[in-house]
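Here is the naming used below: chain letters follow the sequence lines, and residue numbers restart at 1 for every chain. Small disclaimer: the values here were computed from a predicted structure and weren't measured.
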Number of protein chains: 2
Amino acid sequence: MKPTIYDIARLAGVSTATVSKVFNNRGSISDKTKKKIFEISEELNYQPSVVASALAGKKTYTIGLLIPDVVNPFFAEMTRNIEDRAHELGFNLVICNTDNDVNKEFNYIQLLRQKRVDGIILATGVRNDKLLKELINEQLPIALIAREMSILSASTVLVDDFAGGYSAASYLTGLGHKRIAIIAENLKLASSRERIRGYRYALEEAGIGYDERYVKESDFSLAGGGKTTNELLDEPEPPTAIFACNDLLAIGAMQAAKQRGVSIPEELSVVGFDNTVLAAITDPPLTTIAQPIQAMGQQVVDLITQEINNPKSIKQRIVLLPELIVRGSAREPAE
Amino acid sequence: MKPTIYDIARLAGVSTATVSKVFNNRGSISDKTKKKIFEISEELNYQPSVVASALAGKKTYTIGLLIPDVVNPFFAEMTRNIEDRAHELGFNLVICNTDNDVNKEFNYIQLLRQKRVDGIILATGVRNDKLLKELINEQLPIALIAREMSILSASTVLVDDFAGGYSAASYLTGLGHKRIAIIAENLKLASSRERIRGYRYALEEAGIGYDERYVKESDFSLAGGGKTTNELLDEPEPPTAIFACNDLLAIGAMQAAKQRGVSIPEELSVVGFDNTVLAAITDPPLTTIAQPIQAMGQQVVDLITQEINNPKSIKQRIVLLPELIVRGSAREPAE
DNA sequence: TTGAAAGCGCTAACAA
DNA sequence: TTGTTAGCGCTTTCAA
């Protein structure tokens, strides 16, 4: 059998309380007993049970992470950065792929509650307001990353989507483009709407009218980006530049354009969003807006652990600035 | 406070034993009490504590997953498939990014033990034999995916690397290539050696001598693939085809070749391995060897849960066949 | 069909 | 500086 605190106590000739104190670094224990306890623990390869410890009122030291899909490079990077920071602070991460499916989200959240995770990080759009309010009432620390949730008073880390949309579009107007299209992922998302607002602001600033024909919604996939691009290029006055609201859409756009013989960036400029690993791999490499994903990951973890350690700590909303990464997929328009 | 089994029992006018039985579907309880218990649980939103349940001798229903890095698309897909299957079977996944670092591996494994996970899936090359033996002795179910570990008697799921190497190389010989190079990730890995062996076998079968100058080791990165490719192309008799042992290396190879004006596939054919999402994104799209990653993920989870549910179940070693996916990065040699 | 009670491994008063 | 002891929330055996 696995050794328990009792075994250690017995062999060291002390009480379990003493052993517990040694491992938790509380109370004052003589160096001599400490040493003895460590020696014996070492020898038996004692692994204190966080299950028992959690039941006795301490934390489980695990955090749940709900994301749509780790295969999506943006979320993979998010997961990595969150996990890194969590690990630094002594927490493990339980990963949950929801595919943005309401039922899965609900199911995972229930499971995480039963596991008594110390907190939940949401990168997925949980639309079940009732559930969420329950969680908050239950005092289960919740933090949001790259997601808005107005009804919810929860700590949040986001990127300034307006600024992102603005810098993408103004980069394109700066290059001299007049017909600039935007492909957004899901117009219901606050982030999409903000990016569009930034785009619009940039166009107006450049004295270019906002033209609804150039604003498209697409499902979140390569194929979706391609399809929408074809629609755009079929217009009588096709755009000379496309700003896609994420890298995958941008790549779909590039592929579709190439397929019909439209060369990039010569005949069509493309700008993406997210700066995932994919952006460095395409040909030409993708000019895109980088989300400071590492900082974001670190921040959510810091916010949520703060709340875990002090339930009445103030909830914060942190907005980080995105950054334009110029690579090769955009340049001045042809004529 | 969160409702406990006592609250439910009291309100339902029964004992905690009865409530426990109802939730675990054991013993025989009258429909009437069952109904009552469910109603009350519903009302209080009772979430049975798996922490307490685990302490009382049941499972934690969580599995640890050690991978080098989720950002690597191959491991992201692996993680996704494993998580999906685990979730289907009622298990959660704790994700651990080790960067193939021995210390991190050790550290994570200790943490997972303390958390009393029901099992650990290893996709990373834990080189600490002593640790591993301890785990086995401790009866902690371990399963390996895409990794060999001869000393270890643990359930294993792998792809037939020899067959993979063979089919990549024989595809290239079939196209008429005579000077075919191979870039492997880490010659210490059994998988690399097997792929090389398959490659060699195909060459010999085609009557082409095995030439050591064409066998290169590279670190696992885009840059590594690029650097190695440059070395290869600098040879007096440069290869007309490169088989890279993973997609990332293959893409690095393509990028390096393009950069020096060598066009793909006209002047240089490239074949990858893994068939990650990246393969569909490059230009030209990458011809590569697909690992049946979904089946592999499912199988490891099935193997490990089998062992979790029945500690003396027989350990298995499952070998799946890879498949050549022809896209656009390889064709007949020029002259 | 139901319940009493011991125990899982640990923590935290409180006492000594 | 160390120990006693009562839980934490659940499961399970045995009895009723």
Go through [options] for me and flag the one nearest to the [X] side chain.
X	options	result
A/Ala17	D/dC10, C/dA12, D/dG9	C/dA12
A/Pro48	D/dG9, D/dT12, C/dC10	C/dC10
B/Ala52	D/dG3, D/dC10, D/dT11	D/dC10

Rounded to whole Å, please give me the gap between [atom1] in [X] and [atom2] in [N].
X	N	atom1	atom2	result
B/Asp31	C/dT1	CG	C1'	12 Å
A/Asn25	C/dT11	CG	C1'	15 Å
A/Leu55	C/dT11	CG	P	11 Å
B/Gln114	C/dG9	CD	P	15 Å
B/Lys115	C/dG9	NZ	P	19 Å
B/Arg116	C/dC10	CZ	C1'	11 Å
A/Asn24	C/dA13	CG	P	13 Å
A/Lys35	D/dT1	NZ	C1'	18 Å

Does [N] have its OP1 or OP2 closer than 4.0 Å to a side-chain nitrogen or oxygen of [X]?
X	N	value
A/Tyr6	C/dT11	no
B/Thr18	C/dG3	yes
B/Ser20	D/dT11	yes
B/Ser49	D/dG9	no
B/Arg26	D/dT12	yes

With a 4.0 Å cut-off on heavy atoms, is [X] in touch with a base, just the backbone sugar-phosphate, or nothing at all?
X	result
B/Thr4	sugar-phosphate
A/Phe23	nothing
B/Ser28	base
B/Val14	sugar-phosphate
A/Lys21	base

I'd like to know if [X] pairs up with [Y] as an ion pair, taking the criterion as any Lys NZ or Arg NE/NH1/NH2 lying under 4.0 Å from an Asp or Glu carboxylate oxygen.
X	Y	result
B/Lys58	B/Asp118	no
B/Arg85	B/Glu88	yes
B/Asp31	B/Lys35	no
B/Glu134	B/Arg113	yes

**Asked** What residue among B/Lys315, B/Lys312, B/Gln139 forms side chain to side chain donor-acceptor pair (under 3.5 Å) with B/Glu307?
**Response** B/Lys315
**Prompt:** If we ignore angles and hydrogens, is there a donor and acceptor under 3.5 Å between the side chains of B/Asn45 and B/Lys2?
**Reply:** no
**Prompt:** Quick one: does B/Lys2 reach the base of D/dG9 with a side-chain donor-acceptor pair under 3.5 Å?
**Reply:**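 There is none.
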**Prompt:** Start at the 5' end of DNA chain D and walk down; is the nucleotide closest to A/Thr16 or to A/Thr33 reached first?
**Reply:**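 Closer to the 5' end of DNA chain D: A/Thr33.
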